S.K.: 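Sharing a structure here in structure tokens format.
Only a predicted model underlies this, so the values are computations on that prediction, with no experimental measurement involved.
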Amino acid sequence: MSLLHVVGIGPGSRDYLIPKAVDTVNNAQVLVGGKRALALFPEHRGEKMVITGDLPKVIAFIRSNLHKEIAVLVSGDPGFHSLLPIIRKSFPSERIQVIPGISSVQLAYARLALPWQDATLLSLHGKELSILKEYLTAPNLALLTDPVNSPSQIAAYWLENGGTDCTVYLCEHLSYEDENVQPYLMSALANQQKTTPCVMVIKNEQA
């Protein structure tokens, strides 16, 4: 029986792909992933499908190719805000093999040389900023931002709703040549024009 492999490709650079992920992709007959993910494997000669916003189309394509070895490439780790929940709803679990990857949050804490076993993790991708309100007192918080919920908007919301003027680290373009990791006070960040999606690590030591 052919397997449906859900492969975590890490934060983006090929340097952070685990060997098992590379082997799985090389042995797959079909690759499914975003443009950036597929670009990591230019030498792969199998059929490829680019993931767009039309997820039903993606699922239909996977279903039509279940007789082949398929690798679905997802950013970071499949268990952390990826397509894995949708794939599990659409296909039998016994057909699914998950290959873990290094998440952007994991790499952010590594860059800061900080432990993250006590961190609260929250994604703001496509969500209302108001969900942040219940996390304003979290002492160690990692946020995934998006183009709408930008770092500057998050900082302004944080302060307007009673959050402390604590230290926040912006971790941008992790693993790429233009990677940038910088600390800010929340009040300073609120006055910046920081819009690039990134990982925000908030050390709310006064909470």
S.K.: Given side-chain contact (heavy atoms from CB on, under 4.5 Å), test Trp116 with Val201 step by step and report yes or no.
M.R.: CA-CA 10 Å; Trp116 62 294; Val201 175; over 6 Å; no
S.K.: Hey, any chance Val22 and Ile102 share a hydrophobic cluster, counting ILVMFWY side chains that come within less than 4.5 Å of each other, even indirectly?
M.R.: no
S.K.: Sequence neighbours excluded, which residues qualify as side chain to side chain contact (heavy atoms under 4.5 Å, CB included) partners of Asp15?
M.R.: Ser13
S.K.: Atom CE in Met200, atom CE in Met186: separation rounded to 0.5 Å?
M.R.: 5.5 Å
S.K.: Quick one: are Ile131 and Leu122 in side-chain contact, heavy atoms under 4.5 Å?
M.R.: yes
S.K.: What residues form a side chain to side chain contact (heavy atoms under 4.5 Å, CB included) with Asp77, not counting sequence neighbours?
M.R.: Pro100, Ser103
S.K.: side-chain hydrogen bond (donor to acceptor under 3.5 Å, both in side chains): which pairs involve residues 20-41, sequence neighbours left out?
M.R.: Arg36-Tyr176
S.K.: What residue among Thr137, Thr164, Thr120 forms side chain to side chain donor-acceptor pair (under 3.5 Å) with Asn204?
M.R.: Thr164
S.K.: Could you tell me whether Glu94 atom CD has more than 12 heavy atoms of other residues or ligands within 6.0 Å of it?
M.R.: yes
S.K.: Who pairs with Ser93 by side chain to side chain contact (heavy atoms under 4.5 Å, CB included), at least two apart in sequence or on another chain?
M.R.: Arg88
S.K.: If I take atom SG from residue Cys171 and atom CG from residue Leu112, how far apart are they, to the nearest 0.5 angstrom?
M.R.: 5.0 Å
S.K.: Within a radius of less than 6.0 Å around CD of Glu43, do more than 12 heavy atoms belonging to other residues, nucleotides or ligands occur?
M.R.: yes
S.K.: Kindly give the heavy-atom pair with the smallest separation between Val199 and Ser104, and that separation in Å.
M.R.: CG2-OG, 3.5 Å
S.K.: Is there a side-chain contact between Leu141 and Leu132 (heavy atoms, below 4.5 Å)?
M.R.: yes
S.K.: Which pair of heavy atoms, one from Val7 and one from Pro78, lies closest together, and at what distance?
M.R.: C-CG, 4.1 Å
S.K.: Are Leu143 and Val168 linked, directly or through intermediate hydrophobic residues, by side-chain heavy-atom contacts shorter than 4.5 Å (ILVMFWY only)?
M.R.: yes
S.K.: Kindly indicate whether the side chain of Leu144, heavy atoms from C-beta on, has any atom under 4.5 Å from the side chain of Phe80.
M.R.: yes
S.K.: Considering non-hydrogen atoms only, spot the tightest contact between Ala142 and Val105 and give its length.
M.R.: CB-CG1, 4.0 Å
S.K.: Who are the salt bridge (charged side-chain N to carboxylate O under 4.0 Å, His left out) partners of Arg111, not counting sequence neighbours?
M.R.: Glu179
S.K.: Lys68: what forms a salt bridge (charged side-chain N to carboxylate O under 4.0 Å, His left out) with it, not counting sequence neighbours?
M.R.: Glu47
S.K.: Looking at every heavy atom in both Tyr157 and Ser130, which two are closest together, and how far apart are they?
M.R.: OH-CA, 3.3 Å
S.K.: What's the spacing between His5 NE2 and Ile99 CD1 if we round to 0.5 Å?
M.R.: 7.5 Å
S.K.: Please collect all salt bridge (Lys or Arg N to Asp or Glu O under 4.0 Å) contacts where either partner lies in residues 129-153, sequence neighbours excluded, each pair once.
M.R.: none
S.K.: How long is the span from the SG atom in Cys198 to the CD atom in Gln182, to the nearest 0.5 Å?
M.R.: 12.0 Å
S.K.: Do Ser2 and Arg95 come close enough that some side-chain heavy atom pair is under 4.5 Å?
M.R.: yes
S.K.: Can you sort out the partners of Tyr109 under side chain to side chain donor-acceptor pair (under 3.5 Å), two or more places apart, ordered by chain and number?
M.R.: Asn140
S.K.: Less than 4.5 Å apart, side chain to side chain, heavy atoms only: is that true for Gln192 and Leu170?
M.R.: no
S.K.: Who are the side chain to side chain contact (heavy atoms under 4.5 Å, CB included) partners of Asn191, not counting sequence neighbours?
M.R.: none
S.K.: For Lys57, is the NZ atom crowded, meaning more than 12 foreign heavy atoms sit under 6.0 Å from it?
M.R.: no
S.K.: So which atom in Leu159 and which in Ser187 form the shortest heavy-atom distance, rounded to 0.1 Å?
M.R.: CD1-CA, 3.5 Å
S.K.: Restricting to non-hydrogen atoms, name the atom on Ala190 and the atom on Ala156 that form the minimum distance, rounded to 0.1 Å.
M.R.: CB-N, 3.8 Å
S.K.: Suppose we screen for salt bridge (charged side-chain N to carboxylate O under 4.0 Å, His left out). Which residues come up paired with Glu172, at least two apart in sequence or across chains?
M.R.: Lys194
S.K.: Does His44 reach the main-chain N or O of Gly46 with its side chain, forming a donor-acceptor pair under 3.5 Å?
M.R.: yes
S.K.: In Å, rounded to the nearest 0.5 Å, how long is the span from NE2 of His125 to CG of Asn149?
M.R.: 9.0 Å
S.K.: How about Trp158 and Ile202: do any of their side-chain heavy atoms sit closer than 4.5 Å?
M.R.: yes
S.K.: Pick one: which of Pro197, Ser123, Ser150, Ser152 meets side chain to side chain contact (heavy atoms under 4.5 Å, CB included) with Thr145?
M.R.: Pro197
S.K.: Roughly how far apart are Leu40 CG and Ile9 CD1, rounded to 0.5 Å?
M.R.: 5.0 Å
S.K.: With a cutoff of under 4.5 Å between side-chain heavy atoms, which Ile, Leu, Val, Met, Phe, Trp and Tyr residues group with Val74?
M.R.: Leu4, Val6, Val30, Val32, Met49, Ile51, Leu55, Val58, Ile59, Phe61, Ile62, Leu66, Ile70, Val72, Leu83, Leu84, Ile86, Ile87, Phe91, Ile96, Val98
S.K.: Using the test salt bridge (charged side-chain N to carboxylate O under 4.0 Å, His left out), find all partners of Glu160 that sit at least two apart in sequence or belong to another chain.
M.R.: none
